[in-house]
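Before any comments, here is the structure.
Note: hydrogens, waters and symmetry copies are ignored here, and every other heavy atom, side chains too, is used. Predicted, not measured: the structure shown is a model, and the values here were computed from it. Order of the sequence lines fixes the chain letters, A, B, ..., with proteins taken first and strands second; residue numbering starts at 1 for each chain.
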Amino acid sequence: MSDPFALDEDPTPAPFTPARGAVAAPVSMGPPPAWITSLNAEQREAVETTEGPVLVLSGAGTGKTRVLTARLANILAKGLAKPWQVLSVTFTNRAAREMRERVSALVGPVAEALWLGTFHAIGVRILRRHAEAVGLKSNFTILDSDDQLRLLKQVMEADSIDSKKWPAQGLMGVIQRWKDRGLTPDKVTAGEKSEFAAGRALALYSAYQDRLKQLNAADFGDLLLHGLTIFQSQPEVLAQYQDQFRYILVDEYQDTNVAQYLWLRLLSQKQKNLCCVGDDDQSIYSWRGAEVGNILRFEKDFPNAKVIRLESNYRSTPTILAAASHLIAHNEDRLGKTLRTGRDGIEDGEQIEVRGVWDGAEEARWVVEEIEGLQRRGQKLNNVAILVRAGFQMLEFEERLIQTGVPYRVIGGPRFYERLEIRDALAYLRLINQPDDDLAFERIVNKPKRGIGESTVQKLHVLARAQNVPLMEATLRMIETDELRPQVRSTLRDLMASFARWRTMRETLPLTELTALVLEDAGYLEMWKNDKSPEAPGRLDNLREFATGLSEWDSLAGFLDHVSLVMENEANAADEAVSLMTLHGAKGLEFDAVFLPGWEEEIFPNRRALDENGQAALEEERRLAYVGITRARQRVFISFAANRRVFAQWQSSLPSRFIDELPKENVRLQSDAGQFGNRGFSEGWQSMTAKWGNAAPGGFSSQRRPPVVDTKWEVVPRESQGGIDIGDRVFHQKFGYGIVTAVDDCKLEINFEKAGVKRVMDSFVTLAH
DNA sequence: CGTATATATCTTTTT
DNA sequence: GATATATACG
C-alpha cells in the first residue's frame with residue numbers, strides 16, 4: 001500500500017497516445033478542432049478557461065454537456081494533464097457513462113483512464129485504498145438502504161427504543177442528513193440534536209457506525225464521509241490526491257451537498273483548477289441534502305473565480321422557453337437568469353397542450369392516443385417521454401401502453417437487483433466475498449428452509465456479541481460445542497463447509513459457474529422449483545439471467561460494487577420505445593415531445609413535500625416542473641385528472657397551481673365536452689377552473705382566451721353550483737351518496753356513506769333528495 | 001420450527 | 001392492492 005497512485009489500477013498504457021487521428025499531438029498548433037470552433041463565445045470561454053476556478057451557470061438546454069466534454073477533451077488534447085490526473089464527477093451513472101462516451105468520441109480511448117464517475121463511485125475507489133484509516137478492510141460491503149434499515153432496527157432494538165413510536169426510517173433520515181452535511185458522530189454538536197427518540201439519535205448514530213465497522217460495511221453516505229475523514233486526518237494522503245488531480249470538473253453542481261462540497265474543496269485547494277457547472281433553477285435534490293447555497297459559496301471560497309453564464313438555449317422552441325421561463329419566474333429564491341433562444345429565425349412552435357380529464361385511466365388513454373398521433377406523423381418513439389412526479393403514477397401508463405402495443409421502457413423503475421430472489425443470491429455472493437457481512441448471513445441462513453429458526457439465530461447472536469465476532473465466526477465456534485440440537489448442528493456444519501468450499505472455488509471458477517453452483521448446492525434453485533406460486537418460474541428466469549449477466553465480470557468484488565452503485569438496469573436503447581420515468585430521472589435528458597401528466601394539487605406539487613418544507617418545497621416542486629418542460633424540444637403535453645385512485649380509494653383533485661402559472665398565450669387548453677356523458681363534467685370542470693382561477697393570485701383565467709372553452713368561461717353563473725349547504729344529502733359519481741359536513745367556497749367536505757369523508761369540488765356533486 | 005391469517009403502512013424524488 | 005411484520009396455532 002505504499003503508493004496509492006501506482007498505475008496498475010489505471011488501465012492506460014504509460015505513454016499518452018492520441019486517438020486515431022481524432023486529435024493532434026499535445027500542445028497542438030494549427031487550427032482548433034471542430035468541437036471547439038462550433039461552440040458559441042460563452043461556451044468556448046468555459047472550455048478554454050482551463051486554469052483557475054470557474055463557475056459555469058448554465059440554463060437548461062444551453063449545451064452544458066457539450067461544454068463539459070469539450071473541456072475534458074481540450075485538457076487532454078492540449079496535454080495539460082494525463083487522463084488519470086483529471087477528476088470528473090457526476091451525479092448519475094447515466095451522466096457518467098454519457099460523458100465518457102462523448103469524450104471518447106472526441107479524443108479516443110485515452111478517455112478510459114479518466115477519473116470519471118459519480119461521487120459515490122469515485123468515493124469507493126478512494127476508500128478501498130485507504131479503508132484501514134477508518135477501521136474498515138478493503139473488501140468492505142456497501143449496504144443498500146434496505147440493509148441499512150434492518151441494521152438500524154437492530155441498533156434501536158439493542159437500545160430498547162420503541163420502534164412503533166420512533167420508526168427506524170426516521171432515524172435513517174436523521175443520520176443521512178448528518179452525513180450529507182459531513183458530520184461524523186463526534187462532530188454533531190449539542191445544538192444539532194435531533195428530536196428523534198427523545199434526543200438519543202446521536203447515541204444511536206454512534207452505535208450504528210460501530211456496528212458498520214464490525215460488519216466491515218459502509219452505507220452510501222459513508223462512501224464520501226469516510227473519504228472526508230481520511231483527507232482531514234491524514235494530510236499526506238490528501239496531498240497525494242491534490243497533486244494527482246490537476247483538473248477537477250463537477251456536473252450538476254447545484255445538487256451537491258455539504259459533504260460533497262467539502263470533499264471537492266479539499267481536493268482542489270492546491271491546484272484550484274475546479275470547474276463547476278450548474279443551474280440553480282434545476283436544483284431538485286434538496287431533500288437529499290443538496291445545497292443551492294454551494295453555488296453562492298463558490299465565489300466566496302474562490303474569490304477570483306471566473307463566472308460564465310450560458311443562456312442561449314439550443315433545445316426548445318421559443319414557445320416552450322417562454323412557458324418555462326414564465327413558470328420559474330414565480331420562484332423568489334433564484335439567482336435570476338434569462339434563457340433565450342440560441343437560434344435565429346426559428347418559428348415559435350406549437351402551443352403547449354393542457355388537458356383536463358375525468359380520471360387517471362382517461363389520462364393514460366389520452367396520452368397514448370397523442371403519442372400514436374405523433375407516431376403517425378413520423379415521430380420516433382425514442383424521442384418521446386412521459387415524465388411523472390412519482391413512481392406510482394407509472395402503472396397506469398404501463399397498462400395502457402401494453403394494451404395498445406406501443407413499445408416503452410421504464411427508466412429507473414423497479415430494479416432488477418432489488419428483486420427478492422436476486423437479493424438472496426447476492427447475499428450468498430456477499431458472504432463469500434466478505435464473511436463479516438452479518439446482514440447477508442441472516443438473510444440466507446434459512447433460505448432455503450433448513451430448520452434454522454429464530455431461536456437458533458438468537459443463540460448465534462448472543463455468542464457473537466459475547467465474543468465480539470461476526471455471525472459466521474460465531475457459528476463456526478458454536479458447532480464445536482453441544483449447545484445446539486444435533487440436527488441443527490450438522491446442518492450448520494454442512495453450510496459452513498459449503499461456504500469454505502465455495503470460497504476456494506471463487507479463485508478458479510468463472511463467476512457465472514460459481515453462482516450457478518452455489519445456488520444449486522445450497523438448494524436455493526430447488527426451493528423455487530418446488531414452489532407452486534405463479535411467480536416462481538419468473539424468479540428462476542431472473543436467477544438464470546442474473547448468473548448469465550455475471551459472465552461480463554471477472555472479479556466478484558468488482559461486480560458487487562457495480563450492483564451497489566449502479567442499481568439501474570441498462571436500457572436497451574436500440575429499440576424504438578417511449579421512455580417512462582420520474583421527473584427526477586429525466587434531468588439532463590431531452591426529447592422531441594414530453595408528456596407531463598398528473599399536474600394536480602397534492603400530487604404535483606407533492607403534498608408531503610409541502611407539509612415538510614413549506615415554501616422552500618413549493619419552489620423546489622416548481623423547479624421540477626421547470627425541468628420537465630425544458631426537457632422538450634418541440635412539444636409539451638400537460639394533463640390533470642379530476643379523480644384519481646390513491647391506494648384503493650378514489651380521491652378528487654384540483655388542477656395544479658402550476659397550470660395557472662403558465663403564460664396564457666403559449667397554452668392551448670382542452671376539455672372534451674360531451675365525453676363524460678350527460679352528467680356535466682365539462683361544465684363542472686369549466687366552472688371549477690374559472691372560479692379557482694379567479695381565486696388564485698396571478699391566475700390566467702381572468703386574462704387568457706382559450707379557444708375551446710373561452711366563451712362559456714365567465715358565463716357559468718355562480719348559483720349553478722351553489723345552493724349546497726351543510727347537512728345536504730348529495731350524490732357523487734364515484735363516491736355515491738353522502739352528507740355535506742363543511743363548505744369552504746366551492747370546496748365541500750362530504751361524509752360519504754361508502755367512501756368515508758372526502759373533500760370534493762361542489763361541481764362534482766348533485767343534490768340528492 | 002413452520003405455516004396461516006390478520007394488520008399496518010405504504011407512494012416523493014436517488015446514489 | 002400489495003407487501004412486510006405480528007400473532008396464533010399446528
Report, one pair per line, the protein and nucleotides 2-10 of chain C atoms (nitrogen or oxygen only) whose separation is under 3.5 Å.
none

Could I get the full list of side chain to side chain contact (heavy atoms under 4.5 Å, CB included) partners for [X], not counting sequence neighbours?
X: A:Asn257; answer: A:Asp180, A:Ala259, A:Gln260
X: A:Glu590; answer: A:Arg315, A:Arg633
X: A:Ile402; answer: A:Tyr408
X: A:Ala616; answer: none

Whole-Å distance separating the [atom1] atom of [X] from the [atom2] atom of [N]:
X: A:Arg389; N: B:dT14; atom1: CZ; atom2: P; answer: 9 Å
X: A:Met394; N: B:dT11; atom1: CE; atom2: P; answer: 14 Å
X: A:Ile284; N: B:dT13; atom1: CD1; atom2: P; answer: 12 Å
X: A:Leu624; N: B:dT13; atom1: CG; atom2: C1'; answer: 7 Å

For the rings on A:Trp599 and A:Phe604, is their centre-to-centre separation under 6.0 Å?
yes
With the six-membered base ring of B:dT13 as reference, does the ring of A:Trp287 sit under 5.5 Å away with planes under 30° apart?
yes
In terms of side-chain heavy atoms of A:Phe392, which of B:dT11, B:dT15, B:dC1 is nearest?
B:dT11
What residues, two or more places apart in sequence or in another chain, satisfy side chain to side chain donor-acceptor pair (under 3.5 Å) together with A:Arg288?
none
Residues two or more places apart in sequence or in another chain: which of them pass side chain to side chain donor-acceptor pair (under 3.5 Å) with A:Thr475?
none
Ring pair (Phe, Tyr, Trp, His ring centres under 6.0 Å) partners for A:Phe595, two or more places apart:
A:Phe637
When you compare the protein's N or O atoms with those of nucleotides 2-6 of chain B, which come within less than 3.5 Å of each other, and at what distance?
unit_1	atom_1	unit_2	atom_2	d
B:dG2	OP1	A:Gly451	N	3.1
B:dG2	OP2	A:Asn446	ND2	3.4

